[in-house]
Engineer: 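Take a look at this one; I'll ask things after.
Because only heavy atoms are used, hydrogens play no part in the values below, and waters and symmetry mates are left out as well, while side chains stay in.
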Amino acid sequence: VLVLGAGKMTEAILLGLKPKMDFSQWEIFSPTGVSARTLAQKLDAKVASDLNSVSSNPDWVLVGCKPQQLPDLKKLLGDKFENSLFV
């Protein structure tokens, strides 16, 4: 799973799931990388420093950004992860 965005809502959801989930293979990305690193440490997950460094084509991409950020996210993604399921 690739998580795009690591803000307060995404953090709350994932930390709530932590007791029942293994996040060790999940990758978390944020534009500056700061919030992604912080959340990844809390979850024992991996950090994607940029979208080209994502280890593989993820089965799932969890979009954790604000609606007004979606146009910029679309530009950033381009045709990356076109075979992934976006949630």
Side-chain angles (χ1 to χ4, degrees):
V1 176
L2 171 64
V3 180
L4 300 176
K8 292 179 183 181
M9 183 60 71
T10 302
E11 181 175 340
I13 292 168
L14 297 181
L15 287 177
L17 293 172
K18 186 178 179 183
K20 299 180 188 268
M21 298 283 302
D22 175 13
F23 290 101
S24 63
Q25 298 304 309
W26 288 43
E27 294 181 85
I28 303 174
F29 170 82
S30 64
T32 66
V34 175
S35 58
R37 279 191 297 277
T38 301
L39 182 55
Q41 288 174 342
K42 292 177 181 180
L43 297 171
D44 297 321
K46 299 175 183 179
V47 177
S49 57
D50 63 68
L51 294 178
N52 294 322
S53 73
V54 173
S55 60
S56 64
N57 195 25
D59 292 330
W60 294 69
V61 177
L62 176 62
V63 179
C65 66
K66 297 174 182 166
Q68 63 268 27
Q69 295 171 312
L70 289 174
D72 290 335
L73 179 61
K74 182 178 178 182
K75 289 177 190 173
L76 182 66
L77 289 175
D79 62 354
K80 289 179 178 60
F81 319 123
E82 60 186 21
N83 294 320
S84 301
L85 176 64
F86 281 74
V87 178

Engineer: Name the residue from Val1, Asn57, Leu77 that meets the side chain to side chain contact (heavy atoms under 4.5 Å, CB included) definition with Ser84.
Structural biologist: Asn57
Engineer: Strictly by ring pair (Phe, Tyr, Trp, His ring centres under 6.0 Å), give each pair with a member in residues 17-49 just once, sequence neighbours left out.
Structural biologist: Phe23-Trp26
Engineer: Salt bridge (charged side-chain N to carboxylate O under 4.0 Å, His left out): which pairs involve residues 16-28, sequence neighbours left out?
Structural biologist: none
Engineer: Apply the test side-chain contact (heavy atoms from CB on, under 4.5 Å) to residues Leu4 and Val61: give CA-CA distance (whole Å), side-chain angles for both, the deciding distance (0.1 Å), then the verdict.
Structural biologist: CA-CA 7 Å; Leu4 300 176; Val61 177; 3.4 Å; yes
Engineer: Show me the side-chain donor-acceptor pairs of residues 30-39 shorter than 3.5 Å, one per line, residues at least two apart or across chains.
Structural biologist:
from  : atom 1 : to    : atom 2 : distance (Å)
Ser30 : OG     : Gly33 : N      : 3.2
Ser30 : OG     : Ser35 : OG     : 3.2
Ser30 : OG     : Ala36 : N      : 3.1
Thr32 : OG1    : Val34 : N      : 3.4
Arg37 : NH1    : Gly33 : O      : 3.4
Thr38 : OG1    : Val34 : O      : 3.1

Engineer: Where do Val54 and Ala48 come nearest, in terms of heavy atoms and distance?
Structural biologist: CG2-CB, 4.0 Å
Engineer: Please list, chain by chain and in numerical order, all residues satisfying side chain to side chain contact (heavy atoms under 4.5 Å, CB included) with Met9, sequence neighbours excluded.
Structural biologist: Ile13
Engineer: Would you please test Leu2 and Ile28 for side-chain contact (heavy atoms from CB on, under 4.5 Å) and show each step?
Structural biologist: CA-CA 6 Å; Leu2 171 64; Ile28 303 174; over 6 Å; no
Engineer: Going by salt bridge (charged side-chain N to carboxylate O under 4.0 Å, His left out), name the pairs with one or both residues in residues 42-70, residues two or more places apart or in two chains.
Structural biologist: Glu11-Lys42
Engineer: Quick one: list whatever passes side chain to side chain contact (heavy atoms under 4.5 Å, CB included) with Leu70, sequence neighbours left out.
Structural biologist: Val63, Cys65, Leu73
Engineer: Which residue pairs pass the salt bridge (charged side-chain N to carboxylate O under 4.0 Å, His left out) test with at least one member in residues 78-87, sequence neighbours excluded?
Structural biologist: none
Engineer: What distance separates Leu14 CG from Leu62 CG, expressed to the nearest 0.5 Å?
Structural biologist: 6.0 Å
Engineer: Could you give all pairs that pass the ring pair (Phe, Tyr, Trp, His ring centres under 6.0 Å) test and reach residues 58-87, with sequence neighbours left out?
Structural biologist: none
Engineer: Checking Asp72 now: which residues fulfil side-chain hydrogen bond (donor to acceptor under 3.5 Å, both in side chains) with it, not counting sequence neighbours?
Structural biologist: none
Engineer: Please lay out, stage by stage, how Leu76 and Leu51 fare under the test side-chain contact (heavy atoms from CB on, under 4.5 Å).
Structural biologist: CA-CA 9 Å; Leu76 182 66; Leu51 294 178; 3.7 Å; yes
